[in-house]
Amino acid sequence: MSNESTVVIDPSCREKPPLAIDIILKLDIFSIILYSVLTFMAAVSLLIYIEECIYIYRKVPNHKKSVIIWVNGAAPVIGAMSCLGMWIPRATMFTDMFSACYFSIVVFKFLILMLEEVGGDEAFLKRAGKHKLRISTGPCCCCCPCLPYVAITRRSLFLLKLGSFQFALLKTLFTIISIVLSTNGTFDLADLNITGASIWIGPFVGILTIIALWPVAIMFMHLRTALRTIKIIPKYAMYQLVLILSQLQTAIINILALNGAIPCTPPFSATARGYMISQQLLILEMFIITLVTRLLYRRQYDPLPEEENEECEDKLAPMP
């Protein structure tokens, strides 16, 4: 007799993610509570965001309204998309792509937000014309302290804006291409073959992301002292946290699922379960970040004080 045992694999572990109705029909008591609480968190996040938009519309100067609304919307929008992906697993790829596209715009808008907080482009150039930009910052050049400082001019400011804007534009373009290819069956996130479209699009978008984050980091390092009174450091921390959780955390969980570290649990395959865990974590995390960002951006938007005159020592010099 043979002592070898036959391993029986549930057919659902090899199938596509289940339909929404299949999930609803198989919910137990714990799942009902979990899904209800997470859906409630996503709904509350959107309500908080809508209330914050009303506050910004009434209290904030016109030139700052748009950028603040965009930046504030990062966490609630990602949370809402994650909630849709949790209930409709087959739409997860599309909800993730929409979240990534929105955040690519937020990257550019956060750069514009810092400029608007000092009065806009002209005020920034006038205020910082005598200074220079330190470009040896992350995520590109944090390990290159020998890089020279760059003069602040209209050209350097334009290049900083362009570096972030290209991500908002090209990320949306590649998302559209990915959706078109997926309808043809040639784009699959689980396909890691050299001939697959995702193995080429994914790393290229990653490079675009790093290039886009670099100008924002340069501008933050230059303005963090001037904007300390408006809590720019915790705002930047929240922006970075949304980036890490929505991009890096999701990528790590998906890689673990593809490598079999996350087991199959019918009706979810290992990959679909990895996506599900990622969506559920994001809903909770984005809910907390939404509450924090509401506290950070709900303030009086008074003009920043002028920089102290560095020539005051000349005025105090004794007469000959």
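Numbering of residues begins at 1 and proceeds along the displayed sequence. Keep in mind it's a predicted model, so treat the numbers as computed, not measured.
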Could you pull out all residues at least two apart from [X] that satisfy side-chain contact (heavy atoms from CB on, under 4.5 Å)?
X	answer
T175	M97, C101, K171, I179
T290	S45, I48, A75, P76
L84	M81, T95

Partners passing ring-ring contact (aromatic ring centres under 6.0 Å, His included) against [X] (at least two apart in sequence or in another chain):
X	result
Y49	none
F108	F165
F98	none

Any donor and acceptor pair, going by atom type alone, linking the side chain of [X] with main-chain N or O of [Y] inside 3.5 Å?
X	Y	answer
S164	V107	no
K161	I112	no
Q166	G163	yes

Pairwise side-chain contact, [X] with [Y], heavy-atom cut-off 4.5 Å (strictly under):
X	Y	value
E116	P61	no
I283	F287	no
P89	I23	yes
L223	F124	yes
I201	V205	yes
I253	Y275	no
I56	Y297	no
S278	L282	yes

Any side-chain donor paired with an acceptor under 3.5 Å for D28 and S31?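 Side-chain D/A pair, D28 to S31: present.
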
For the pair T39 and W87, evaluate side-chain hydrogen bond (donor to acceptor under 3.5 Å, both in side chains) and give the outcome as yes or no after the intermediate values. CA-CA 9 Å; T39 304; W87 282 104; 2.9 Å; yes

Students often mix this up, so state it plainly: with edges at 30° and 60°, are the rings of Y236 and F220 parallel, tilted or perpendicular?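 Answer is parallel, since the angle falls under 30°.
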
In terms of hydrophobic clustering (I, L, V, M, F, W, Y; side-chain heavy atoms under 4.5 Å; direct or indirect links), are M286 and L46 co-clustered? no

Does the ring center of Y102 lie less than 6.0 Å from the ring center of W70? yes

Spacing of L245 atom CG and L248 atom CG [to the nearest 0.5 Å]: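 Going from CG on L245 over to CG on L248, the span is 9.0 Å.
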
Is the shortest distance from a Lys or Arg side-chain nitrogen in E122 or R154 to a carboxylate oxygen in the other one below 4.0 Å?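 Counted as a salt bridge, because a side-chain N and a carboxylate O are separated by less than 4.0 Å.
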
